[in-house]
Structures are given as structure tokens and as C-alpha cells.
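To start, the structure under review is shown below, and the notes come after it.
Numbers restart at 1 for each chain; the letters A, B, ... are given by sequence-line order, proteins then strands.
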There are 4 protein chains.
Amino acid sequence: MSEPSPTRPRSERARTAILAATRDLVAEVGYEQMSIEGIAARAHVGKQTIYRWWKSKSAILAECVLEGLILPSRELPPDTGDLRDDLLVWFRGALHELGDPANASLLRGLVSAAADDPDLAAVLYERLTGPQEASMAARLREAEADGEIDSALTSTAVIEMLFGTIVYRILSRLDVGPDLADGLIDTLFDGLRGAK
Amino acid sequence: MSEPSPTRPRSERARTAILAATRDLVAEVGYEQMSIEGIAARAHVGKQTIYRWWKSKSAILAECVLEGLILPSRELPPDTGDLRDDLLVWFRGALHELGDPANASLLRGLVSAAADDPDLAAVLYERLTGPQEASMAARLREAEADGEIDSALTSTAVIEMLFGTIVYRILSRLDVGPDLADGLIDTLFDGLRGAK
Amino acid sequence: MSEPSPTRPRSERARTAILAATRDLVAEVGYEQMSIEGIAARAHVGKQTIYRWWKSKSAILAECVLEGLILPSRELPPDTGDLRDDLLVWFRGALHELGDPANASLLRGLVSAAADDPDLAAVLYERLTGPQEASMAARLREAEADGEIDSALTSTAVIEMLFGTIVYRILSRLDVGPDLADGLIDTLFDGLRGAK
Amino acid sequence: MSEPSPTRPRSERARTAILAATRDLVAEVGYEQMSIEGIAARAHVGKQTIYRWWKSKSAILAECVLEGLILPSRELPPDTGDLRDDLLVWFRGALHELGDPANASLLRGLVSAAADDPDLAAVLYERLTGPQEASMAARLREAEADGEIDSALTSTAVIEMLFGTIVYRILSRLDVGPDLADGLIDTLFDGLRGAK
DNA sequence: ATTTAAACGAGACGGTACGTCGTGTCTTGCG
DNA sequence: CGCAAGACACGACGTACCGTCTCGTTTAAAT
């Protein structure tokens, strides 16, 4: 209904170039050292074109994350009937991916950026956990119905615990080896009391 | 024999003022917005005095953390014989403390700073978990001997899991309520299968 | 043969609005601070419409001057038979007009603009002196014929001397009082030697 | 009496480099096209060093003028007893100098800059006329005593008339030939009525 | 009446320069 | 020689305009 007087449309070319430059720079020099001026230069774009559409460096990053330019996303594997096994497979994969030094470094940059930008935080953590969340909820319900587990935790809590641990290790710069996965999944299912 | 060339000793007054100014500023404006010039001005200190003794903003912060000026530390409570109960009490306290908005915000700043300063990271995470680690190890051993648990995890892993979850929630800006403690401790001990 | 393809004629509405906006802005904020964007906004006109017809800020100003929107023009008074008296009357009027602070300020802006635009310079100084020049030449010839003067200067030189002095005082921000007129006219006619 | 706490003194090296760069640039590209950034780059100086000591482009120019880096200054010639002749010699020289295209262009730039900076205006016009003013006053008094003239004008007025005319011709981009000097001096002494 | 092509208002674009802030280094005189 | 003060060269910030470039709409002359 509204008729915003006709004007030159936003340049998709510029938008894409900016996101790509940001993706490259954050990987090359890190979030803190990356400057908006540098992004503009790399993208052959005027600074104003950036400021026209984004309000901060972290907002550009948020869009990169949203577009999947930065963090890969990992779906839960197909249901094999054994939730514990499926989770283990999936979690090992996630660990392997995020544990790679380049990705670990990138993740630290993103966390740093998200630490003082709630909007980026929302996007980042949604991107990190979102894709798994829904199917995880369904699986937990099934497993509970099957008697495989007696769930005391929501899918959100499970995911937060797993990712929280990974992120914590990455932030504190501890190794993120594959055996971490086994220990966590074991504890998650059996608890410290161990399997009966 | 020794003839310590006549030299003026480092000013404790200046050192203290700098740390105090840093502590105040990081709380007031956040880590990113805090500048070394701002610290110098607030501490009535020349910039050179800062650069003479610290190599970066995060290094000052690291010293603040080391001196206990910033993060409170929480010891494990005395052993009542029931590890699960003791952990619950302790963890509820830690959650309460870190969940306070002011502390949460401060923690985000510290994490952000530590994300690209490994030295600060070491100090910060040591400060966060260190005091609990040793006694936790002892307790786990005892509990295992008593048959209370069948430990599959090291004390480090337990602590990382608990703190990882808190830190994750704080970073993602989710509420950190006291019930989180119960859920996590339950799962930690019983696993998803639940208590027998 | 010629087939002037059908086209929309230039909008007089836009042209007028642009000149008016320029006239207003140069008075309000001065030449340097006046921007083409500001003119476009004030005139509710697209920037392109300005760039289509004028090549610079000073060119718009030149057209304003040409249209008489900015500088008033002052003709020589009717011939009363006494050239000296006529000049005095006229010059006092010119001084009064240009000496008014608002006009003085405007004149400084115009001079500034003309200083690096020869085209504007031509228009501006023609506008300033042109109307008087022709009749001045005739009067000088008559006065010479009558023996009133023994002209050694062309009308151009006389005018330049008079306007030069006014402009100089305005540029150097000295007062331009009415007594300046008497002194100058006296000297112009009698010279430093004074009347016989 | 005041004791401004001891601090690093202003760098004469920087100050000089800035003035020299300004002098060069204003001649090379003109006042309008000269940027503070360009001055800083040419002088190998931080922009802040400029902004710390000068409040505008024209203020730097004013200091250049004050230091005699830009406009040459021309003293009145020694007294030969004939004021008219002395003035003629001096004025021809001034005309020759200012009439040189490079200097004319420079003068237009300075006038333009002075048009919206009263401080520069004061410095510029003082520099232009100041050195002559005092001796001119003395000469006029002597000449009057000798009966050479019957002065109706102050030294200031004489100088303004002469310089006003030159400046006016330079601004309006008319030729400034040597014969202009003769005409002006003739009129100045004899008036339009001519010599007796 | 329909066609048609330039003029129009709007405003996004790649740039340049602005004036400010913070960096890390340096240069003073004082204690 | 450490210190408070602060000037220095440098680089990035976020803003203002530059002159050019699309957009869809308007409009008057030539069909």
C-alpha cells in the first residue's frame, strides 16, 4: 500500500562484496584488528555504503553468520534408533569441526564480538544450536517414549551443556580432542554414577 | 660486592591506582570501550607508566583478575559427606553470583578480552575454576571410594562442563536462574537415564 | 530534415527554485558552507537536475547575479550638470548599500567564489560596475568638453578606483562609512594638491 | 609566575614543515583545493599536530603570511625629496610584483581565504599595507609642510585607494600593467581636473 | 490520442576529506 | 631513573559532500 518514492535500489553487488570481504578479513586478521575501512577497501566500496546498511562491525558479521558465510552448520544425523549413538556421531563431528585451529580462532573472534552486541549474540548462538534444536527435541521425546532415557533436561539444556563445554574449552584454549566427546556423552546419559 | 645501581623503585601507588582505575572502567564502560588513555587519566598516571609495566590493555586486566580485584572466587563448601548436595550448594552460589547482571556483563567483557589474549585467558580461567579444582579432585576420589559415584570424568571435565554451561548461557544472554543448577547437577549425577 | 526528437523541456519551476535556494543559502550560511546537496534539498530538486544545467556551485551563483537575485544594481543619478555632485550622490548610495553588514558579508562570499571561477568573476564585476560604466563614460566626455575636468583617466579606471577602494575596505573588514565617499571624490577631482 | 607543569615542548620541526608544506601547496593547487590532510602528508606530520595548534586551514595560511613565507613585502623607497616620484617608483614595483600571474593567483587565493576568516584578513591586509603605512604617513606630513601637497586624505586612505585598485583588478582578472601606476598616481596628485 | 525520450525527484553508489579519538613512542622537568 | 604530563606520527573512526548512476514518474512535442 505504501509507495516509497521510487529510487535507486540497493546494490546487491556491494552487499555481497562487503560480506565476502568481512568473511575473509575476520579469518585473516581477526575480529579486533579488522577495520571497517579495511572492509570497504577490500570490497571496493565507499565507507558510507557500509554505514548506510549496517550500524557496526559486529552487525556485518551477524549478517555473514546468518548467510552461512562463516560458521558451517551441522544437522543431527539421521535417526538410527539409538539416540546415544547418533548424538555421539554428531557431537564428534561438531567437535572436530570447531576444534580445528582456524575455526577455533574464528569462533573466539565471534564470541568476542557477540560479547558486546546482543544482536550478534542472538544470531550467532541461534546459528550454532538452532538447526539441532528442533530435531533434538523430537529425538528426546521419542527416546523417552521408548524408555531409552528418563529425560530430566530439555533439548535446549542438553545442547547448551554440550556446546557450553566445547565453547568453554575453545575459549580457554584447551585442546578439543575427540575423546572429549565420549566422556561428555557418557556422563550425559549415565551420570557420574555410571551405567547400571 | 653488589652495588645495585641507584635507581628509583617502581611506584606501588601508581600500580595500585592503575589497577583500580581499570577495575572501575571495565565495569562502567566495558572492555572494548575502555582505553589506556582513559585508565591513565583516571589513575592520574602518565601513559608511559602503564606501557612501562604492561604490554596491553588485557594484561592489566589479567593482573586485576590475579589480584582478585574483579572476579570473586568461590571455594567448595566443607565436606558434609554428601558430594551431590555439596556440589549443588556450591553451584547454586556460583550461578547466583555470576548470574547477577553486573557480573554477567563483566564476565562477557573478560571473555571478550581473553578471546584474543592467551595470557589473560590462562589467568582468567584459572581464577574461575582453579580454587575448586583441587578440592573437587579429592572429593571425587572419596566419593568413588565410598561408592557414591562411578566416576567417568576427571574433576577438570566436571568443572568445565558446569562452568561451560554457565558461561555459555551468559554469553548467549539467556537467563541464568537457580533451577539451572538443579537440572545440571541431576544430569551430572544420574544422566539422562535418571536415578535408579 | 532536422528531426529534433520529442523531449521534455527544461523545468522553469526547478530552475527558479534552485536559484532562490542558492540566494537564500549564500546569505544564510555563506558561500563556503553552502553545499550543492543543501541547495537541492532546499529547492526540493534532485541533485542531477542541478548538475545537468550547471557545472559548479559558483556557476549557479553567477546565474543568480545575472538575474539580479543577489546584488542590487545602482544606476548613475540623472545629470544635474554637476558631475562631481552627481558622482558624490551616487557613490554615497553605493557605499551605504554595500556597507550594510549583510551585504558586506554577501559581497565577501561572492568575491571568494569569484576568486577561483573566472566566469563568475566576469559576471560579478560586470554586474557591479557595468550599469554605471556607459553613462559614466558619457558624463566624463561632457565634463571634459565643458572644461569641468581635464580627464586623465578612463571611465573604467575611475570606476575601478572607486569600487576597488570599497571592495578593499569590505574585504579587510574596515568600516565603510559615508565620509569615505567625500574623501574619495574630493581626491578624485582635486588630487592631493587640493582645489585651487 | 605560572608554572605549567613540565611537558614535551612543541616541535619546531613540525611547525616549520607544516608552514612550508602549506606555502607550497597553496601555490601548487590553490587555496580551495588544498586540504589539511594533504598538508599533513606533505609535511610528514599527523593531522592532530595540525589541529592541536591551528583551528583552520586559513589560520595556517595566516601564520605563513605572518612569517613572510608567502607574500613579499615592499617598503617605500628612500626619500628623494619628490614624494610623487617616490610613490610612482614604489607603486610600479608593487604592481609588477603582484601583477605576475603566479602572484596574482596566489593573491586571489589569499583573498578568498580571508573573505571568511577575519583573523586571516587582519593579518593579510596588515602584511600587505602595514610596512608602507608608517613611512607613508611621515612622507605625507613632510610633503604637506613643504607645500608639495594639500593633503585631504590620511595615509591609510591613500594606501587603500592604491591597493584597492590593484586588488580589484586582480580579482576581476584584468591586466595589471605598469601604465596603471602612472594613471593612478597622476590622478592621486592632480585629480581629474589635471595639473595646473 | 498515442507514442517517446528527455527531464524530473529521489537517493544509492565509489570516493575524498573532514575533525576526533586512541595507539604506542618520545621528550620535557621534577622528586 | 621513575614519574606526570603531554606532543608526536599514525591509523581508524563515523559524517558530510562530491559528482555519477540508476530507479520509476511526468510531460510536452511529434506522430
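- DNA chain F lies under 4.0 Å from at least one heavy atom of each of the following residues of residues 50-62 of chain B: R52(B), W53(B).
- Listed by chain and number, the residues in a side chain to side chain contact (heavy atoms under 4.5 Å, CB included) with T16(A) are E12(A) (sequence neighbours excluded).
- Side-chain N/O atoms of R13(D) include one lying less than 4.0 angstrom from OP1 or OP2 on dA9(F).
- Every residue meeting the side-chain hydrogen bond (donor to acceptor under 3.5 Å, both in side chains) condition with S58(D), not counting sequence neighbours, appears here in chain and number order: S56(D), D117(D).
- In this structure, CG in L61(B) is found 8.5 Å from CG in L124(B), a value given to the nearest 0.5 Å.
- Using a 4.0 Å cut-off between charged side-chain N and carboxylate O, R23(A) and E28(A) make no salt bridge.
- Taking 4.0 angstrom as the limit, T49(A) places a side-chain polar atom (N or O) nearer than this to OP1 or OP2 of dG14(E).
- Take E63(C) and apply the salt bridge (charged side-chain N to carboxylate O under 4.0 Å, His left out) test, not counting sequence neighbours, and it matches R15(C).
- Partners of Q33(C) according to the side-chain hydrogen bond (donor to acceptor under 3.5 Å, both in side chains) rule, which considers only residues two or more places apart in sequence or in another chain, do not exist here.
- Look at CZ on R15(B): it is 12 Å from P on dC3(F), rounded to the nearest Å.
- Contacts between residues 22-36 of chain C and DNA chain E, defined by a heavy-atom separation under 4.0 Å, are absent.
- Residue pairs meeting the salt bridge (Lys or Arg N to Asp or Glu O under 4.0 Å) criterion with at least one partner in residues 45-62 of chain C, sequence neighbours excluded, are E37(C)-K47(C), K55(C)-D119(C).
- Panel note: side chain T22(C), backbone I18(C); a donor-acceptor pair is recorded below 3.5 Å.
- With sequence neighbours excluded, no residue forms a side-chain hydrogen bond (donor to acceptor under 3.5 Å, both in side chains) with R127(B).
- Between Y51(C) and I36(C), the closest side-chain pair of non-hydrogen atoms falls below 4.5 Å.
- Heavy-atom distances to DNA chain E give each of S11(A) and P9(D) a nearest nucleotide, and the one nearer the 5′ end belongs to S11(A).
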Could you list the protein-to-nucleotides 29-31 of chain E atom pairs, N/O on both sides, closer than 3.5 Å?
from, atom 1, to, atom 2, distance (Å)
dG31(E), N2, R8(B), NH1, 3.3

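- Looking at residues 39-48 of chain B, you'll see K47(B), Q48(B) sit with a heavy atom under 4.0 Å from some atom of DNA chain E.
- Partners of R8(D) according to the side chain to side chain contact (heavy atoms under 4.5 Å, CB included) rule, which considers only residues two or more places apart in sequence or in another chain, do not exist here.
- The shortest distance between side-chain heavy atoms of V45(A) and I39(A) does not fall below 4.5 Å.
- Considering only residues two or more places apart in sequence or on other chains, A17(A) meets the side chain to side chain contact (heavy atoms under 4.5 Å, CB included) condition with A43(A).
- Distances from the side chain of E37(C) to the nucleotides dC13(F), dC18(F), dC13(E) place dC18(F) closest.
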